[in-house]
Amino acid sequence: MMFARGLKRKCTEDEEAAPSYSRQRQSLLDMSLVKLQLCHALAEPSLCRSVLIANTVRQIQEEMTQDGAWRGAAPQTTGRAPLDRLVSTDLLCRSVRDGAGDGPAAPAPRGLQSSIWEGDGPLEDKGSFQKSLDQILETLESNTPLSVDELFSDVDSSYCSLDAVLTGVVGGAQSGQDGLEALAAMAAPAPSTSCKSDLGELDHVVGILVET
Amino acid sequence: MIPRLGALTQDTLWCFSQVKGTIEIGATEADIISTVEFNHTGELLATGDKGGRVVIFQREQESKNQVHRRGEYNVYSTFQSHEPEFDYLKSLEIEEKINKIRWLPQQNAAYFLLSTNDKTVKLWKVSERDKRPEGYNLKDEEGRLRDPATITTLRVPVLRPMDLMVEATPRRVFANAHTYHINSISVNSDYETYMSADDLRINLWNFEITNQSFNIVDIKPANMEELTEVITAAEFHPHHCNTFVYSSSKGTIRLCDMRASALCDRHTKFFEEPEDPSNRSFFSEIISSISDVKFSHSGRYIMTRDYLTVKVWDLNMENRPIETYQVHDYLRSKLCSLYENDCIFDKFECVWNGSDSVIMTGSYNNFFRMFDRNTKRDVTLEASRENSKPRAILKPRKVCVGGKRRKDEISVDSLDFSKKILHTAWHPSENIIAVAATNNLYIFQDKVN
């Protein structure tokens, strides 16, 4: 039931060429970003899962940057709703650099002009290959307002920051950093969000002493 | 267990013994079993579920009349261990799901166990009461207070037998020490301390002290944006009370010695297998994440479970495992789909048998796998209601990878990924296993001749 979609797709798509490696890599990236946002459920999301997904996103980003495929804005592909492009395929499961066996669209050294990106040049930003995940998320958010907002219309936009995910701040809440819940029993909760060093200290204290 | 002469080439035959739990129609999500654990003698079997309940089964005494029926497990005690809570600061629920149960070795007539949810560990005392005092002076038989003016004689209350009552009482609550979700608890061999591990920290507790714990591992980066690795499991060495291991989401295991320093941020040993470059994909890291780590009973080896394999490591060799077993390698080509439906994040556990000669772990479609470390043979069995006739021998199952599917085989695409066996347990000295299949608990025993 889970794989039928992916398996059949390969056989029946005639008009559209078999999904290229780049397209599927983009699809995986979109899927991952959606997953990071979707994990703001009722209960606290699994940190392990979030970290693994975030690491996957970083890997994809790094490879795309090396390929010259990463751009600040890619209107063509990200204009479509990400969920439409969730491709169940085994192509991405193969080794990253084995050419994926699909000819001209296979990853190649710089100069790759994939039809997907149909863009201006291979490298848009020679000075900053390592874009932050924030920018990836911003890209997704700004270029697919329809899809993301539609899905998460009731979700505060601060959810869309990977940093926010990792630091456990939810929905722009003022406080929610480590240690605060333990302190709540002892004293009034600390007010600000940006005092990271203060919170680091509190962390250290809380780590040793625990209030019943 | 010393094999009979000539039995070395014979595989153990496993038979259905019992199944506990409701049949699908009445099942709710709260009934999903989330942990299974035998106590140190195997007399008791505890389960925890998503609803925060603990159910303890006790093995009945074997009777001479029914030799063919080795002691069955019947419900001994049921209690609500954890309740759902709400974290008002973060506006998030704290699930009552029992993540782990660990028994303490028995030191008197009562049984003690630790149970934990994401945030709080509790020590429970399970004791029997089969007598009750009667003949109080100040209370009448119904328990109502008597008017002291009416008392003219004194008597000594006596203990009279009553129906056996098993009561569970929370003796300690170890709270407010974990910012992140607790994934493991482990009782130390000194029987005085235990550890609890969450995603980023491990704390050491004394059983008697609930308002203080010592932080012994902390991998939280100063800047959370730099976080790339979390703790996934931890366990104390079975004999050396200063030694413990913890595993990570990057597929590494660290062995730490508490004598070295108060904060064991620097490991004593570091176990990691070099990556196979030919198998590298975007999912390599995710599938290398270790979901469970267990010391062998001997203390010489550790076993780790990642998404597709089980590995046995010799404590004396850090650069690679000594044994690797493929659990369900046919899933390797399906990783993208499994990532999409989140199955790739499923955390399977693994267990040793009493003699450390066989290891067991779960898979999908209610399949579970056993690997004999000596004969190098493995078997796939299924926990299902269809194979649930008393003492019915379980038939080995086989997954067909490609090509022609034989009659009894099941194809990869027909596997039911909602039926996953994450939690199993093996009796400490006998061939009795408990397998949790969603909301059902299956007990299997080896065939008695």
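Proteins come first, then strands; the chains are lettered A, B, ... in the order of their sequence lines, and each starts at number 1.
- No side-chain heavy atom of B/Phe282 sits less than 4.5 Å from a side-chain heavy atom of A/Leu29.
- Considering only residues two or more places apart in sequence or on other chains, B/Tyr364 meets the ring pair (Phe, Tyr, Trp, His ring centres under 6.0 Å) condition with B/His328, B/Phe348, B/Phe417.
- Taking 4.5 Å as the limit, every side-chain heavy atom of A/Asn55 sits out of range of all side-chain heavy atoms of B/Glu229.
- With a threshold of 4.5 angstrom between heavy atoms, B/Leu200 approaches chain A through side-chain atoms but not through N, CA, C or O.
- Nearest heavy atoms, A/Gln59 versus B/Arg280: OE1-NH2, 3.2 Å.
- Using a 4.5 Å cut-off between heavy atoms, B/Ser289 touches chain A through its side chain atoms alone.
- Looking at A/Leu52 and B/Glu285, their side chains come closer than 4.5 Å, going by heavy atoms from C-beta outward.
- Contacts between B/Thr232 and chain A at a heavy-atom distance below 4.5 Å involve the side chain alone, from C-beta outward.
- Side-chain contact check for B/His181 versus A/Cys48: every heavy-atom pair is 4.5 Å or farther apart.
- When heavy atoms are compared at a cutoff of 4.5 Å, B/Asp342 approaches chain A by way of both its backbone and its side chain.
- By the 4.5 Å heavy-atom criterion applied to side chains, A/Leu47 and B/Leu227 are counted as neighbours.
- Between atom OH of residue B/Tyr180 and atom OG of residue A/Ser46 there is a gap of 13.0 Å, rounded to the nearest 0.5 Å.
- To the nearest 0.5 Å, atoms CZ (A/Arg49) and CD1 (B/Ile286) are separated by 9.5 Å.
- Figure legend: A/Lys35 and B/Tyr339 shown as a cation-pi pair, the cationic atom lying under 6.0 angstrom from the six-membered ring centre and within 45 degrees of its axis.
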